[in-house]
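Worksheet for the structure shown next.
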Amino acid sequence: MLTPKRGRARVLATAALALAVTGTGVGTGIGTIQAAALPGTPACGPATCAADGRPGRYTLTLRRGLDTYRTWATFLALGPGVAAHPSVLRGTSVLRGTVAGLAEPLGRPKSSSFSKPLTRAIDQYLGAVPGQVAVSVRDLSTGLSYSYNPGLRTATASIVKVDIVMALLLKAQRQRRGLTAGEQRAAARAIRVSDNAAASALWSAIGGASGLAAANRRFGLRETRPDPSGAWGSTTTSAADQVRLLAALTSPRSPLSAKNRRYVLGLMGGVTPGQAWGVSAAGRQGADVALKNGWLPRPRHGGRWTVNSIGRVRTRGHTYLIAVISHRHGSMGAGVQAVGKVSRLVTDTLSQQG
């Protein structure tokens with residue numbers, strides 16, 4: 001048996017839900033529901049109605065309560081599709097604003113209008129090019145991003161040298177010191193001229209595969225795996241992970257200090273001209289480019305080439321973090337051409353979006 005208090009609550013809930021679903025206005029409809037919700041209570045509340053018929057204080061309070069209740073009842077009844085029912089939204093501005101705020105996150109994500117045409121353009125180009133290519137790019141100026149063939153994993157080849165130097169700097173930070181003169185020389189040679197002996201010395205200094213893996217956890221990498229044999233160039237990675245690594249060079253939230261981030265970008269900005277191909281194709285003449293490339297013929301692929309390029313490119317008012325990885329090219333030159341072409345296709349498209 002319902003007590004008077006519980007009975008009133010149930011009647012009020014039923015009445016508010018009815019109001020939510022039917023879209024009854026806040027004029028006489030509110031008065032009707034108030035009378036139903038609280039039997040024996042005048043539509044204007046327990047106080048005498050004003051001479052001009054305006055509701056009393058109690059009625060206004062009840063309206064506000066019903067307004068809130070109606071918001072949630074409507075959303076529960078109709079879900080995000082409530083926006084398709086204008087009659088339901090007619091009642092109050094609170095309902096319209098709340099439903100708009102709730103429905104938007106739950107609706108289908110807005111797809112970027114450029115993604116499908118760009119993917120088709122890359123597909124068309126690569127359809128005539130032997131090998132496999134993946135690209136990931138983030139435009140720091142607009143917040144737009146794009147990925148192609150995200151499941152591809154390749155050997156890093158020499159792009160891992162950036163990762164190794166960053167791991168060395170992270171270790172030096174923990175030890176509260178700067179790099180020694182010898183470490184600085186090795187870092188410069190590893191990145192600017194892609195010196196393998198210098199990279200091997202730094203690989204040992206960071207503790208090899210385990211040291212790199214530990215540093216990469218700090219950098220937020222998820223898909224980069226040092227080779228169990230200890231061969232640093234056989235580390236495997238994804239294009240998306242390389243953009244995450246680049247983000248650790250450009251974000252103030254990076255575990256690397258601002259000074260150390262600038263140091264690495266400075267080395268990448270001074271790569272010898274003969275090794276400045278790759279993502280540099282994304283920039284127009286005069287672009288500010290900081291990059292590192294990697295290239296390696298792989299016996300497991302029958303001597304076909306792995307060719308990768310990562311970097312930050314500032315051009316035409318945009319700042320791009322871009323990584324292109326690829327493998328199974330018939331020659332290094334073919335890989336270089338494919339990496340450059342895909343870089344340009346992606347950034348040309350992104351630059352037109354804003």
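Note that this is a predicted model, so its numbers are computed, not measured.
- Contacts of Arg120 classified as salt bridge (charged side-chain N to carboxylate O under 4.0 Å, His left out), with partners at least two apart in sequence or in another chain: none.
- Under the salt bridge (charged side-chain N to carboxylate O under 4.0 Å, His left out) criterion, Asp227 pairs with no residue, sequence neighbours left out.
- Nearest heavy atoms, Gly220 versus Arg244: O-CD, 3.4 Å.
- Ser158 and Ser194 form a side-chain donor-acceptor contact under 3.5 Å, judged by distance and modelled atom types alone.
- Considering all non-hydrogen atoms of both residues, Glu183 and Leu179 come closest at OE1-CA, 3.3 Å.
- Not counting sequence neighbours, the partners of Ala187 by the side-chain contact (heavy atoms from CB on, under 4.5 Å) test are Val165, Leu202, Tyr263, Leu267.
- Residue pairs meeting the ring-ring contact (aromatic ring centres under 6.0 Å, His included) criterion with at least one member in residues 125-163, sequence neighbours excluded, do not occur.
- Applying the side-chain contact (heavy atoms from CB on, under 4.5 Å) test to Thr349 and every residue at least two apart in sequence or in another chain returns Phe114, Leu118, Gln353.
- Under a cut-off of 6.0 angstrom, the local environment of CZ in Arg177 is crowded, with over 12 non-hydrogen atoms contributed by other residues, nucleotides or ligands.
- For the residue pair Ala323 and Gln242, the shortest heavy atom distance occurs at CB-CB, 3.6 Å.
- A search for side-chain contact (heavy atoms from CB on, under 4.5 Å) contacts involving Ala181 returns Arg185, not counting sequence neighbours.
- With sequence neighbours left out, the ring pair (Phe, Tyr, Trp, His ring centres under 6.0 Å) criterion links Trp277 to Trp295.
- Arg189 pairs by the salt bridge (charged side-chain N to carboxylate O under 4.0 Å, His left out) definition with Asp195, not counting sequence neighbours.
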Sequence neighbours left out, cut at 3.5 Å: what donor-acceptor pairs do the side chains of residues 203-216 make with other protein atoms?
residue : atom : partner : partner atom : Å
Trp203  : NE1  : Gly230  : O            : 3.2
Ser204  : OG   : Ser200  : O            : 3.3
Ser210  : OG   : Gly207  : O            : 3.2
Asn216  : ND2  : Asp163  : OD2          : 3.1

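- Taking Arg138 as the reference, nothing meets the salt bridge (charged side-chain N to carboxylate O under 4.0 Å, His left out) condition, with sequence neighbours excluded.
- Open room surrounds CD on Gln124; 12 or fewer heavy atoms of other groups in view lie less than 6.0 Å from it.
- Classification of Asp348 and Arg316 as a salt-bridged pair holds, one side-chain N sitting under 4.0 Å from a carboxylate O.
- In the hydrophobic cluster analysis, where Ile, Leu, Val, Met, Phe, Trp and Tyr join through side-chain heavy atoms closer than 4.5 angstrom, Ile310 is grouped apart from Leu296.
- Not a single ring pair (Phe, Tyr, Trp, His ring centres under 6.0 Å) links His329 to another residue, sequence neighbours left out.
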Side chain to side chain contact (heavy atoms under 4.5 Å, CB included) between Leu140 and Thr250, worked out: CA-CA 10 Å; Leu140 299 183; Thr250 57; 4.2 Å; yes
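- Side-chain contact between Asn293 and Leu291 is present, with heavy atoms from C-beta onward closer than 4.5 Å.
- Scanning both residues, Ser309 and Val339, for their nearest heavy atoms gives CB-CG1, 3.7 Å.
- A heavy-atom distance below 4.5 Å is not found between the side chains of Thr315 and Thr347.
- The closest side-chain heavy-atom distance from Gln173 to Ser257 is below 4.5 Å.
- Here the closest non-hydrogen pair linking Phe219 and Pro255 is CD2-CG, 3.7 Å.
- Listed by chain and residue number, Asn149, Leu152, Ala239, Ile325 satisfy the side-chain contact (heavy atoms from CB on, under 4.5 Å) test with Ala134 (two or more places apart in sequence, or in another chain).
- A donor-acceptor contact under 3.5 angstrom links the side chains of Lys161 and Asn196, judged on distance only.
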Test log, rule side chain to side chain contact (heavy atoms under 4.5 Å, CB included), inputs Arg298 and Ser234: CA-CA 10 Å; Arg298 303 211 75 195; Ser234 296; 3.7 Å; yes
